Amino acid sequence: MARYGFIHDKLDMKLLILYFMCRVAAPVDFATVTGLTVCDDGIDYFDFAEALSELVDTGHLTLELYAITEKGRANSAACESSLPFSVKRKCSAQLVKLNGILRRNAQVRAETHLRTDGGVALQLFLDDETGNLLTLEMFCGSQEQADRLPRNFKAEPERIYNEVLSALLSSGEDG
C-alpha cells in the first residue's frame with residue numbers, strides 16, 4: 001500500500017518522535033507517544049514502534065514513561081529543520097491539547113496511604129505555576145471512599161478550593 005505522508009523512512013520517524021518529545025510537558029506513556037507520532041499518513045505503526053525502541057536503545061529517550069534525554073534533545077535541535085512545516089503544524093496542534101492535560105494532571109493530584117490503625121489516609125493537592133495552593137488531608141473509612149474522593153476532587157478542584165476558602169473567610173455570622 002502506498003503511503004502518502006511526508007514521513008517515510010525510519011530516520012524521519014525518529015526525528016518526528018524527538019521533535020514531539022522535546023515539547024511535551026511531562027514524560028508520557030507508549031500510547032501517548034503513538035498517538036502523537038502517527039499524525040502523518042506516511043507512518044507505519046510497526047516502523048514507528050521499531051524507531052521508538054531504537055531511540056531508547058541509543059539513549060535518546062528513557063523507558064517506562066518516555067522522556068527525552070539531553071542526547072535526544074541535542075540531536076533533535078540539530079535536525080528538526082528537516083521536518084516538513086505541515087508536519088510541525090500538526091504536531092503543534094496535538095501538543096497544545098496534550099500539554100494542557102499533562103499540566104493539569106501535575107497540578108491536581110491525590111495520594112493514598114493505608115493507615116496502620118485501619119482505614120486510608122488521603123491527601124489532595126492543588127497547585128498552580130508558582131506552587132501549592134491547597135493540601136487537604138483526611139481519613140477515609142474504606143478504600144472505595146478513598147478512590148471516589150480523588151475523582152470528585154480532580155473533576156472540580158477550583159470549586160472545592162473556592163468553597164474551602166469561602167468557609168474559612170466567612171465571619172460565622174451568616175447563619
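What you see is a predicted model, and the numbers here were worked out from it, not measured in a lab. Computed from heavy atoms alone, side chains included, the values below leave out hydrogens, waters and symmetry copies.
- Here the shortest heavy-atom pairing between A106 and D127 reads O-OD2, 4.0 Å.
- L15 and L95 fall within the same hydrophobic cluster, where Ile, Leu, Val, Met, Phe, Trp and Tyr residues are linked whenever their side-chain heavy atoms come under 4.5 Å apart, directly or through other members.
- Taken to the nearest 0.5 Å, the SG atom of C91 stands 4.5 Å off from the CG atom of L16.
- Grouping the Ile, Leu, Val, Met, Phe, Trp and Tyr side chains by contacts below 4.5 angstrom, directly or via other members, places V28 apart from V96.
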Side chain to side chain contact (heavy atoms under 4.5 Å, CB included) assessment of F125 paired with Q107: CA-CA 7 Å; F125 304 94; Q107 292 175 339; over 6 Å; no

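- The minimum heavy-atom distance between R115 and F139, with the atom names listed, is NH1-CD1, 3.3 Å.
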Can you check side chain to side chain contact (heavy atoms under 4.5 Å, CB included) on L149 and Q145, steps first, answer last? CA-CA 6 Å; L149 292 176; Q145 185 182 42; 3.9 Å; yes

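- The shortest side-chain heavy-atom distance between L61 and L18 falls under the 4.5 Å cut-off.
- Between the side chain of T58 and the backbone N or O of E54 there is at least one donor-acceptor pair closer than 3.5 Å.
- L122 and A146 make their closest contact through CD1-O, 4.2 Å (heavy atoms, listed as atom of the first residue, atom of the second, distance).
- Summarising the geometry, atom CD belonging to E156 is positioned 8.5 Å from atom CD belonging to E163; distances are rounded to the nearest 0.5 Å.
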Under the side chain to side chain contact (heavy atoms under 4.5 Å, CB included) criterion, do L98 and V24 qualify, and how do the steps go? CA-CA 8 Å; L98 175 65; V24 293; 3.8 Å; yes

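- Listed by first and then second residue, the side chain to side chain donor-acceptor pair (under 3.5 Å) pairs involving residues 93-105 are R104-E158 (not counting sequence neighbours).
- In this structure, K88 NZ and F20 CZ are separated by 12.5 Å, a value rounded to the nearest 0.5 Å.
- Note that CD1 of I17 is 10.5 Å distant from CG of L36, once rounded to the nearest 0.5 Å.
- With hydrogens and angles ignored, the 3.5 Å screen pairs no side-chain donor or acceptor of T37 with any backbone N or O of T34.
- Contact detail for L124 and A110: the closest heavy-atom pair is CD2-CB, 3.7 Å.
- Here the side chain of N152 pairs no donor or acceptor atom with the backbone of A155 at under 3.5 angstrom.
- Grouping the Ile, Leu, Val, Met, Phe, Trp and Tyr side chains by contacts below 4.5 angstrom, directly or via other members, places I101 apart from F153.
- With hydrogens and angles disregarded, no donor-acceptor distance shorter than 3.5 Å links the side chain of S53 to the backbone of A49.
- Of all non-hydrogen atoms in A25 and L102, the two that sit nearest each other are N-CD1, 4.0 Å.
- Side-chain atoms of E50 never come within 3.5 Å of backbone atoms of F46 as a donor-acceptor pair (strictly under, hydrogens ignored).
- Results of the side chain to side chain contact (heavy atoms under 4.5 Å, CB included) test with Q123 over M138, R109, H113 single out H113 as the only residue that passes.
- The side-chain heavy atoms of M13 and D47, taken from C-beta on, include a pair separated by under 4.5 Å.
- A distance of 12.0 Å separates CG in L126 from NZ in K154, rounded to the nearest 0.5 Å.
- With T69 as the partner, the side chain to side chain contact (heavy atoms under 4.5 Å, CB included) test is satisfied by one option alone out of L55, V56, N75, T62: T62.
- Note on L169: it clusters hydrophobically with L136, by side-chain heavy-atom contacts below 4.5 Å among ILVMFWY residues.
- Side-chain heavy atoms closer than 4.5 Å link hydrophobic residues (I, L, V, M, F, W, Y) into clusters, and following such links, possibly through other members, connects L133 to V108.
- Put simply, the side chain of V33 reaches to within 4.5 Å of the side chain of L52, judged on heavy atoms.
- The side chain to side chain donor-acceptor pair (under 3.5 Å) contacts involving residues 16-29 comprise R23-E80, D29-T32, where partners must be two or more places apart or lie in separate chains.
- Between atom CG of residue D147 and atom OG1 of residue T112 there is a gap of 7.0 Å, rounded to the nearest 0.5 Å.
- Here the shortest heavy-atom pairing between A51 and K10 reads CB-CG, 3.7 Å.
- In this pair, Y45 and F30 present their aromatic rings perpendicular. The plane angle is above 60°, beyond the 30 to 60° band.
- When hydrophobic side chains of Ile, Leu, Val, Met, Phe, Trp and Tyr are connected at separations under 4.5 Å, V120 ends up clustered with L114.
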